[in-house]
Amino acid sequence: MDYDVLILGGGPAGYYCALECAKGGLKTALVEKQELGGTGLRWGCLPVKRMLDALRERQKAEKILFSRSSADVQEIYKGFLEEMQGIEIQLAERLSARGVEIFFGEGSFLTPHTYLVGERCIEAAHIVIATGTSPKGFQQVEEDGEYVITHKDAVSLEQLPKTMTIIGANVEGCEFAALFAALGVDVFLLEKENQILKGMDRDLVQPLLDQFEMQGVKIKVDTAVEAVDKTGSRPIVLLSDGSMIEAEKVLVTMGRKPNFPLGLDQAGVFHESQRIPVDSCCRTSNSHIYAVGDINGIGGMAHMAIQQGILAADNILGKRRELSSGIAVPSAIFTIPEIAGLGCQEQELLASRQRYKVGKYPFSHTWRGFTKGIQSGFVKVLFDQKNKLLGLWMAGDDVSEYIGLLHSVFRKGISLKDLEDSLAIHPSLLEAVWKAARNLEEREGVQDETTSYIML
């Protein structure tokens, strides 16, 4: 064999898998058909977060909101784009430093151990499929890269538009609405469901709605898109209620489609219409071929993809590891302000009609919040009747930074007593978690308007 391991895809899952394999002494190659970094590091998560972080800090310093008349807003945006191009260089340098050989181009399986890239035929003892997913429109709206765009186009526009319609008020849609509104673009956010960020409790979403209102973001829910008329100089979105919205750009954030590598049948890899099924070790139907990240349909989040890439590498190296259960997977929405947490939402408990306890505490009431001048944001904890922690959620600036490592603690079945006995650094914002647990109120599992969220 030419290599011990061949990895298909240079996004987060493939990148970390390659580093771990090479670190373990395996001769490793990586194939990428476009740019290193994928959606997570190059065309989606990271660029949006980088821009939002910088805009948030600038707004704090200058105490202003950008408008499209800001003289330097275009230069700020172009500066972001140039900075993010350096990500590809960093990724390539780090892979090369570990001895990973990189091949660029479209490829195809010839046999279960052989992959053709251009004119190069690569043989490998183990192969890891980390090809991810890509945006897909829907029947009424097809992306064209000019009028109707996806996230990849949105973070590489040559010129910021004055107006933008975003179809889909999911996580991606809300993050892009936050970004472009902060850059002074007039944003119209559309959602076919009766709420934005469906599945999130109203109290967690409300700070974001308040920010959107301050920025002039228009929101329309419970309305489907019938078509996009592209016959004029600007696209016009036609809606199910008979109304229409005109904007310079239409950003579609609804749905993903799998990037299946060519020749899966020749590789002997079974696949379904939307994913490649895997076992608990991320192995496909062909035991020497693994599938990690979005392509296997498990999770759909970059941090899960990274863990799967490392898990596959460990198994190839003989360190048997299995996927952990999907209980309490941490998640974060990188808007302004952010929303982050893990476990149950309150509306889930209401729907199950069980009794539970809820506690909330504002960051502004902590002494660290006082020293930082924090005026918004809060922690929310949910416990069952036996005082077992069911959910922990936060809304506010940078709350995504506090959630990740709580996953391990949460999976151990932390109780109210455990939380009360824990020591939080004083003064720190995380004291709000402990104090929220001291403010518990019992709730009956009957839906009420404090948590039921229907936005009219």
Could you check if a side-chain atom of [X] sits within less than 4.5 angstrom of a side-chain atom of [Y], using non-hydrogen atoms only?
X	Y	answer
Phe109	Ile129	yes
Ile374	Asp397	no
Tyr147	Val228	no
Phe104	Leu36	yes
Val128	His126	no
Ser243	Lys220	yes
Met164	Phe176	no

Treating [X] as the side-chain partner and [Y] as the backbone partner, does any N or O pair qualify as donor plus acceptor under 3.5 Å?
X	Y	answer
Asp229	Ile236	no
Arg98	Ala22	no
Ser96	Ala92	yes
Ser352	Leu349	yes
Glu32	Gly10	yes
Lys388	Gly413	no
Gln345	Gln347	no
Asn259	Thr133	yes
Trp393	Phe378	no
Ser280	Glu322	no

When rounded to the nearest 0.5 angstrom, what is the spacing between [atom1] in [X] and [atom2] in [Y]?
X	Y	atom1	atom2	result
Glu338	Leu208	CD	CG	11.0 Å
Phe363	Lys372	CZ	NZ	11.0 Å
Asp201	Lys380	CG	NZ	3.5 Å
Leu342	Leu390	CG	CG	11.0 Å
Ile167	Phe188	CD1	CZ	11.5 Å
Thr223	Asp241	OG1	CG	5.0 Å

Fill in: Evaluation steps, side chain to side chain contact (heavy atoms under 4.5 Å, CB included), between Lys152 and Glu35
CA-CA 12 Å; Lys152 185 172 182 179; Glu35 304 90 357; 3.5 Å; yes
Worksheet item: Got a sec, which residues hit side chain to side chain contact (heavy atoms under 4.5 Å, CB included) with Leu116, two or more places apart in sequence or on another chain?
Response: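 Leu116 satisfies side chain to side chain contact (heavy atoms under 4.5 Å, CB included) with Leu110, Cys121 only.
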So, for [X] and [Y], which heavy atoms are closest and what is the spacing to 0.1 Å?
X	Y	value
Met394	Ile403	CE-CD1, 4.0 Å
Leu189	Gly173	CD1-O, 4.0 Å
Phe410	Gly343	CZ-CA, 4.0 Å
Glu191	Glu193	OE2-N, 2.9 Å
Arg320	Cys281	NH1-SG, 3.3 Å
Ala247	Thr163	CA-OG1, 3.4 Å

Item to complete: Test Cys174 against every option in Thr253, Ile166, Ile196, Leu179 by the side-chain contact (heavy atoms from CB on, under 4.5 Å) rule and name the one that passes.
Response: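 Between Cys174 and the candidates, side-chain contact (heavy atoms from CB on, under 4.5 Å) is satisfied uniquely by Ile196.
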Practice prompt. Scan Leu6, Asp4, Ile7 and name whichever one has a side-chain contact (heavy atoms from CB on, under 4.5 Å) with Thr28.
Written response: Ile7
Worksheet item: Counting only heavy atoms not in Glu213, do more than 12 sit closer than 6.0 Å to its CD atom?
Response: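 Check fails, neighbour count at 12 or below.
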Discussion item. Does Glu158, at its CD atom, have more than 12 non-hydrogen atoms belonging to other residues, nucleotides or ligands within less than 6.0 Å?
Written reply: no
Worksheet item: Passes salt bridge (charged side-chain N to carboxylate O under 4.0 Å, His left out), Glu20 versus Lys319? Steps please.
Response: CA-CA 12 Å; Glu20 290 299 313; Lys319 310 171 191 174; over 6 Å; no
Practice prompt. Determine, for Lys49 against Glu175, whether the closest basic-nitrogen to carboxylate-oxygen distance falls under 4.0 angstrom.
Written response: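 Here Lys49 pairs with Glu175 in a salt bridge, since their nearest N and O are under 4.0 Å apart.
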Discussion item. Between the side chains of Asp153 and Lys249, is the shortest nitrogen-to-carboxylate-oxygen separation below 4.0 Å, so that they form an ion pair?
Written reply: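 No, no charged N to carboxylate O under 4.0 Å.
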Discussion item. Show me the pairs that pass ring-ring contact (aromatic ring centres under 6.0 Å, His included) and involve residues 263-318, at least two apart or across chains.
Written reply: His113-His288, Phe260-His271
Worksheet item: Can Thr165 and Leu251 be said to form a side chain to side chain contact (heavy atoms under 4.5 Å, CB included), step by step?
Response: CA-CA 6 Å; Thr165 299; Leu251 172 61; over 6 Å; no
Item to complete: Show your reasoning for whether side chain to side chain contact (heavy atoms under 4.5 Å, CB included) applies to Leu430 and Tyr402.
Response: CA-CA 8 Å; Leu430 276 179; Tyr402 313 142; 3.8 Å; yes
Discussion item. Side chain to side chain contact (heavy atoms under 4.5 Å, CB included) for Leu429 and Asp398? Distances and angles first, verdict last.
Written reply: CA-CA 11 Å; Leu429 294 178; Asp398 301 317; over 6 Å; no
Worksheet entry | Verdict with supporting geometry, Glu146 and Lys230, salt bridge (charged side-chain N to carboxylate O under 4.0 Å, His left out) | CA-CA 10 Å; Glu146 181 180 1; Lys230 296 184 283 187; over 6 Å; no
